[in-house]
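Step one of this worksheet: look at the structure below.
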Protein chains: 2
Amino acid sequence: MSSEIEQMCIAKGMRMTDQRRVIAKVLSNANDHPDVEEVYRRATDIDSRISIATVYRTVRLFEEAGILERHDFRVESGENRARFELVSEMHHDHLIDIEGGEVIEFHDKEIEELQKKIAEKHGYKLVDHRMELYGVKIR
Amino acid sequence: MSSEIEQMCIAKGMRMTDQRRVIAKVLSNANDHPDVEEVYRRATDIDSRISIATVYRTVRLFEEAGILERHDFRVESGENRARFELVSEMHHDHLIDIEGGEVIEFHDKEIEELQKKIAEKHGYKLVDHRMELYGVKIR
DNA sequence: ATATTTGCAAACCGTTTGCAGCAAG
DNA sequence: CTTGCTGCAAACGGTTTGCAAATAT
C-alpha cells in the first residue's frame with residue numbers, strides 16, 4: 001500500500017522513483033518533526049540506495065508542492081537544520097521544550113484572529129505567520 | 001560623544017577598541033534591522049580598518065551581552081542572513097512586508113497573555129517566543 | 001526513446017576560528 | 001607587561017548543484 005504522501009505525489013503527476021516512495025513513506029509515518037539527516041537515517045534504514053542529496057532534493061520538491069512544511073526552530077545547540085512535517089488540514093503552531101526538545105502542536109483561534117487584525121491595522125493583508133513558543137516544563 | 005551601545009559596553013566593562021566603537025555607533029543609529037553585511041558596509045564607511053570577521057564577532061558579543069537581538073526573518077530571496085536590532089525596553093514583535101521588505105514593529109498585550117496561557121495549559125513556563133507576521137500592503 | 005532523477009563530489013554561502021601581530025588596560 | 005582584540009585566510013556545516021549514468025514513463 002502506498003503512503004499518504006505518495007498518493008499526493010501521484011495526484012500531482014510526479015514521477016515516482018523507489019527513493020521518492022521511501023522518503024514519502026518515512027515522512028508520512030513521522031509524527032515528529034525530523035530534519036534531513038533524520039529522514040535520511042530512516043530512509044536508508046528501509047533502502048540503503050538513497051543518498052542525502054536525494055533527500056534534500058525530495059523534501060524541497062515536497063515542500064514546493066505544498067506537501068511538507070519547513071520549520072527553523074531556534075535550538076539551544078545552535079545547529080541550524082530545517083525540520084519538516086506533513087502539512088495538515090488544520091493549521092497549527094508550535095510550543096518547543098527548550099530542554100527536552102519535544103514539540104507540542106497547538107492552535108488558537110483567538111490569536112490567529114488578533115494577528116489578522118494587527119496586520120490590517122497597519123494596512124497589510126496577513127498572508128503568513130510564524131509563531132513559536134519556547135518553554136520549560138513545570139514539574 | 002559615545003553611542004548608546006558604547007555606554008552599555010563600558011558599563012559592562014568591555015574593552016573598547018576603535019572597531020567596536022564604530023560598530024556600536026552604527027547599530028545605535030540604525031532604526032532598521034540590518035544584517036552583518038549591511039553593518040559592515042556602514043561601519044567601513046566610517047572607518048575602513050574594520051574586517052567582516054570583526055563585525056561577526058562584535059554582533060555576537062553584543063548579542064550575548066543582551067545588547068542586541070538577532071532575527072531570522074523568512075525572506076523571499078531565500079537568503080539566510082541574520083538581522084540585528086538594539087534590544088528595546090518594550091518587547092515587540094514584527095510584521096514583515098514580503099514584497100517591500102519593510103519591517104513594522106508592534107506589541108500586543110493580549111496575544112502575549114494568550115501565549116503565556118497556552119504554554120501553561122500544556123504544563124510549560126513560557127521563557128521566549130517568536131512571532132512574525134508576513135503580509136502584503138493593501139493598496 | 002526521451003525526459004527526469006539519481007549518486008557523487010565539488011561548490012556554495014553565511015558564519016566561525018586558528019594564528020601571529022597589534023592595541024587596551 | 002599582560003591580556004584580549006584584530007585581520008587574514010582557511011575551515012565549518014547545512015544545503016545546493018554539475019555531471020554522467022540510471023530509471024520512469
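Each chain gets a letter, A, B and so on, in the order its sequence line appears, and its residues count up from 1.
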Aromatic ring proximity, centroids under 6.0 angstrom, A:His129 and B:His94: no

Establish, with yes or no, whether the OP1 or OP2 oxygen of D:dT23 is under 4.0 angstrom from a side-chain nitrogen or oxygen of A:Gln19. no

Between D:dT6 atom P and B:Arg21 atom CZ, what is the distance in whole Å? 11 Å

Please state how far atom NZ in B:Lys12 lies from atom P in C:dG25, giving the value in whole angstrom units. 17 Å

Pick base, sugar-phosphate or nothing for B:Arg81, based on heavy-atom distances below 4.0 Å to the nucleic acid. sugar-phosphate

A:Ile50 vs B:Asp35, nearer the 5' end of DNA chain C by closest nucleotide: A:Ile50

A:Asp18 atom CG is separated from D:dT23 atom P, nearest whole Å, by 9 Å

At their closest point, which heavy atom of A:Val22 faces which heavy atom of A:Ala43, and how far apart are they? CG1-O, 3.7 Å

Does B:Asp128 pair with A:Arg74 as a salt bridge, N-O distance under 4.0 Å? yes

Tell me whether B:Arg83 forms a cation-pi arrangement with B:Phe73, defined as NZ or CZ under 6.0 Å from the six-membered ring centre and within 45 degrees of its axis. no

With nearest nucleotide decided by heavy atoms, which residue, B:Arg15 or B:Thr54, maps closer to the 5′ end of DNA chain D? B:Arg15

Atom-to-atom span, CG of B:Asn80 to P of D:dT16 - whole angstrom: 10 Å

Exactly one of A:Glu132, A:Glu112, A:Glu105, A:Arg130 clears side-chain contact (heavy atoms from CB on, under 4.5 Å) with A:Asp93, and that residue is A:Glu112

By the 4.0 Å heavy-atom rule, please label B:Ile52 as base, sugar-phosphate, or nothing. nothing

Would you mind reading off the distance between A:Arg70 atom CZ and D:dG14 atom C1', rounded to a whole angstrom? 11 Å

Is any side-chain nitrogen or oxygen of B:Thr17 closer than 4.0 Å to OP1 or OP2 of D:dG4? no

Bend of the helix from C:dA1-D:dT25 to C:dG25-D:dC1 from end-axis comparison, five pairs per end, nearest 10°, comes to 30°

N/O contacts under 3.5 Å, protein versus nucleotides 17-19 of chain D?
from: D:dG18; atom 1: O6; to: A:Arg57; atom 2: NH1; distance (Å): 3.4

Is any NZ, NE, NH1 or NH2 atom of the basic residue among B:Glu38 and B:Arg42 found under 4.0 Å from an Asp or Glu carboxylate oxygen of the other? yes

Validation row, ring centre A:Phe106 to ring centre A:His92 under 6.0 Å: no

Give the rounded distance in Å between these two atoms: CD1 of B:Ile23 and P of D:dC5. 13 Å

To the nearest angstrom, how far is A:Glu37 atom CD from D:dG13 atom P? 11 Å

Rounded to the nearest 0.5 Å, the CD1 atom of B:Ile67 sits from the CE atom of B:Met14 at a distance of 4.5 Å

Below 4.0 angstrom, N of the basic side chain to O of the carboxylate: do A:Glu64 and A:Arg60 qualify? yes

To the nearest angstrom, the NE2-C1' distance between B:His71 and C:dG14 comes to 18 Å

